[in-house]
Each structure stands twice: as C-alpha cells, then as structure tokens.
Amino acid sequence: MPTPKLYYEERTPSPLEQVWVQFRHNMWAMIALHILGAIVLFTLFAPVLAPYSPNTQFTDALSMPPAWTEEGTIRFLLGTDELGRDMLSRLLYGARLSFGLPFLVVLAAAAIGIPLGALAAMSVGVKSSTLKHLLDVLLSIPSLLLALIIVAILGPGLDNALLAIWLVLIPQFLHATRNAVHDQRHREYVIASRLNGVSQWYLLSVVIFPNTVKVLVVQLTMALSTAILDIAALGFLGLGAQSPAPEWGSMLAKSVEVAYSSPWVMALPGFALFITLVSVNVVGDSLKSAIDERIKR
Amino acid sequence: MTSLLRVENLSKAYLHKGRWWAPKRIRALNNVSFDLESGQTLAIMGETGSGKSSLAKIIAGAERPSSGTVYLRGEPLKAQDYRFRCRHIRMVFQDTDASLNPHLTIGRQLEEPLLFNTHLSSAQRRETVSEALLKVGLLPEHAVFHSHMMSTGQKQRACIARAIMLNPDVIVADEALAALDSSIRAQIINLLLDLQRDMKMSYVFVSHSPEIIRHVADKVMIMRHGEIVTYEDTASVFNKPADGYTESLLQQTYTLS
C-alpha cells in the first residue's frame, strides 16, 4: 500500500531557513546586515574600490574638506588629511585593519575556545572545576586591560595587539561554550539520547551543539565588537597599529591635533567605527532573537 | 525460571554540596529488592521524596546506583552500558517538552536508537520509524515535524514511539501521565495497554493516581523513605491496605482527584 503523502508536498523548512525567515522580517536587522555586507566588500576589495593608495600624499591638496563643501573637489570625495592623503582610500583600506583583522582574530579564538570549552564541559571532576574557577578569575579582568598588559610585555605593534586580543578572547569562548554545553548535559532530551545508546561524539555534535548555537552566536558577535573596539583603542593609545597604517583608531588619535581646523579627519573614522560596531551588534542581537523565536513557535 | 527484572539490594545516596570536606549525604534508596515477571505491570507509589523516581531512573539507566544490581533475565546490567540496556529497558519521561530535542525532527530522534544499535540501512530505518509512528497513532508524516509543531498528546505519543523503537522488554514511565489532561491521559493509557498486549512488554509506572494504578497495574509497590513498605498484587493492596500509610496514600489521592 502506498503511504499517503499528505504533508510532503509542502516541505518543512530546515531550522536554518526558519531562522532566516524570522530574521528577514526584522527591518533594522536587514539594514545592519546590508551595512555589514558592504563593510565586508570594502575589506575584500579595498585595492579595487579605493581611488588612491592610502599613503600617497597630495601636496597640492592638504586638509581638503569633503567634496560637498564649497572648498572641496570631486577628486577627493571625503577630503584629505593634513598630509594630503585621501580620506576615502584610507577609510577603505582601514576596513581591512579595523574590521578584517578583528574578524580573523575572533574566528581563530573561536576555533580554539569552542572545542576546548566543549571538552571541559564533557569532563567532570577536579580538572573541570579548576578550569572553571581559573577562567572566572581571568574573565573578571576587563579585556582591554588584559590586552594592555600583554602588549606591555610584548611591546607595541599591530601584531602584538592582535595576539593579545586573541589570547584575551579564547577564555571568553571557552567559558561561554563550557557553560552552554554544561547547561545542556542534564536536560531530559540529552539523557533520553544517552539512553538511546548514542556515542559521545554524536551526543555532543548532533544533540547538544545545535542547542548551544544561540549562545555561541551571541558570543561571536560580542567577541567581534570587543575585538574591533580593542584594536581601535590600542591603536588610539599608540600601542596597536603604528602611524602610517590607516587603522581607524590610530587615525582618530592623529586627528586630535587637527580636530578644530579639519574636523572631518576626526569625524570620518569615528563614524566608520560607530557604524561597524552598531551593525555587528544589531545583527548579532537579531540573530539571537530570531533563533529564540523559532524555538518558541 | 528467572524473572524478567530482578532488583537486588539497590541503594542510592545523593551527595549535596555542604562544606566541601563533609558533603551532606541524602539516602534516596535503601536496600531495595524485588522481582518483576515478564508482561506484568508494576506501579510504584509513595510520597514525595520516597525514592520512587530514583528507583525508576536507576532501572532505566539514567542514574547510577550507589550499590546493588539490576538483573535482566538473570544477567546483571552495568550502569554505563547504554547499548545493551537500551535494547531491553526504555524510559518515558514526565515532561514531554523537555524530553524531545527542539532542534531535531521527530524522525531523527526516533532514528537515534536504530542508528547506534542496529545495522539497518537508512531506508529501512525510515520504514521502522514510520511503523513505530503508526503504532502509537501518529502518521509517518510526523517524522519531519519538530516537537514545537505538535500538541502535548502527540509529543507523549512520540516519546512512547521512541521507547518502543527497539522492541524492549520493559518500559519505565516516570510519572509519564501526570502532566497530561484527563482525556489525553485516557488515550495514552489505552495506547500503552494496547502496546503491552501486542508487544508483550512489562511496565514500571511511577504514579500518584490510584485510579490509573488500579486500572493498569498487576502489582503495586508502596515506598516510604527509600524502602519498600508493601509489594503486593493490586487487588489485595486496594482491598485491604496493610497499614495506615498505604491507606492514606490511596485515600488522599482519591479525595484530591
């Protein structure tokens, strides 16, 4: 007898598709996602998009205001700084340092922190609780302070700043993953799966892991905004990216001297930083509520 | 003939974190022993904290006993050997929402025991899943549903389908009926009785309700403070309760319901 195919005609959307459907209904989330997409494009294609090299100095156009003011020219859309470097090119190249690098650092930290956290949660006893309490102590120190200490030991520079932020982010991932997995371990459906005789790996990867995605998404976006902010802060303090590099934080620091005579030199990198951070946070937050919403329905 | 399920000197103590050098010990079970014959239904009753849930969980394997052994047809069951145990003893939980994974479809969850305990191909597994779903009164189409798309009664049916997946000998139901409203409860009881008749299973029920116990159970076990007070046939327990505790337990719930 052929089984009736009543519901198969209308395919049930997969969990990921459902999250996307939820996400798409949120206007602000979509705006933020598009901005984020644009920033990713800038990061990837800065050499193609930027009109000039970020460090070329145009001696005929020092401190040129943006093109929409009376003194501005269309040659420099966002004006130039006090050394005659094109602001637009610097901002586009800066996206690589201020958004691209933190993004890679967060991925690298997640790649180490998440497996270790899962391992810590699946083990029990003294080892696990020692790890937990050590991490708690480590996490009570603000990330920027910890990064400052590491930079103080290793010396200033973009590489060391990245290394410091990577080291600071790993325990955060470890901690978040450990707590999320630990929270799941005694849920009834996990016990039920264990009573089904499943392997430890299946239990972790198929049964527990999808239920921790929400926590991990939040952690990833929080880590990304922390990394962006810390790189910028270290750059601003002169401990991260060094002067000619078009990193948004160090551009801000340099602009302090000319803040009154050419305010756009200060406003533009600040605005770029602000937009990036807000988009990252909005996308992360909306993803979290979209996942929440999917489970509730 | 050895009985299907034999429990010998089972004890369980929980350690509560007090001061770390002297954790508080709470005894949930104290030298519990009993036998259960194949095809019989055992109902466990008792006041809160009498150890009935602990006993059910230990039999199902969700908890490890502090000491003592559970024998299945004379063979001792190891506490961590889920592979062997799940082919014979399965559990239905109280909270239907919490016992189904919100991120997996019902079909995937029903497949789990087959995936790890049989050598069926994926087509055969799907076939077995739809058979089990039909047996508990759901449709094969429910396999692609997520648990949030189903009603409470349907979820409990799915849980029962998961429990009968490997044709077990014993199903342990830890207050599996308590959270259901009366009409669904009646449906599920009838479903369980039908399944028992068809598949020759034994049940271990943990329940509060004397009516249900009277309806389904062959034997009743009354527990108090981790020990067995009475272990007798249902009729004799209900007709002449051995002591005041048993009587009040049956009485009290009568007046409540």
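Small disclaimer: the values here were computed from a predicted structure and weren't measured. Numbered from 1 within each chain, the chains take letters A, B, ... in sequence-line order.
Residues B:Asn101 and A:Ser193 are not in side-chain contact: their nearest non-hydrogen atoms beyond the backbone lie 4.5 Å or more apart.
Checked against A:Asn196 for a side-chain hydrogen bond (donor to acceptor under 3.5 Å, both in side chains), the options B:Arg162, B:Arg90, B:Arg83 give a single hit: B:Arg90.
The distance from atom OH of A:Tyr189 to atom CD of B:Glu112, rounded to the nearest 0.5 Å, is 12.0 Å. With rounding to the nearest 0.5 Å, the separation of NE2 in B:His103 from OG1 in A:Thr212 is 8.5 Å. Atom-to-atom distance recorded for A:Ser199:OG and B:Tyr82:OH is 13.0 Å, nearest 0.5 angstrom. Between atom CG of residue B:Leu115 and atom OH of residue A:Tyr202 there is a gap of 5.5 Å, rounded to the nearest 0.5 Å.
Listed by first then second residue, pairs satisfying salt bridge (Lys or Arg N to Asp or Glu O under 4.0 Å) with a partner in residues 177-202 of chain A read A:Asp183-A:Arg187, not counting sequence neighbours.
Of the listed residues (A:Val190, A:Val207, A:Leu195), the one with the most heavy-atom contacts under 4.5 Å to chain B is A:Leu195.
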(request) Take B:Lys57 and A:Ile191 through the side-chain contact (heavy atoms from CB on, under 4.5 Å) test and state the conclusion after the steps. (result) CA-CA 10 Å; B:Lys57 279 181 188 154; A:Ile191 295 174; over 6 Å; no

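Residue contact with chain A, scored on non-hydrogen atoms closer than 4.5 Å, involves the side chain of B:Asn117 exclusively. In this structure, the portion of B:Leu100 lying under 4.5 Å from any heavy atom of chain A is its backbone and not its side chain.
For the residue pair B:Ser99 and A:Ala192, the shortest heavy atom distance occurs at O-CB, 4.2 Å.
At most 12 non-hydrogen atoms from other residues, nucleotides or ligands lie less than 6.0 angstrom from CZ of A:Phe45. Enclosure of atom NE2 in A:His175 by more than 12 non-hydrogen atoms of other residues, nucleotides or ligands within 6.0 angstrom is indicated.
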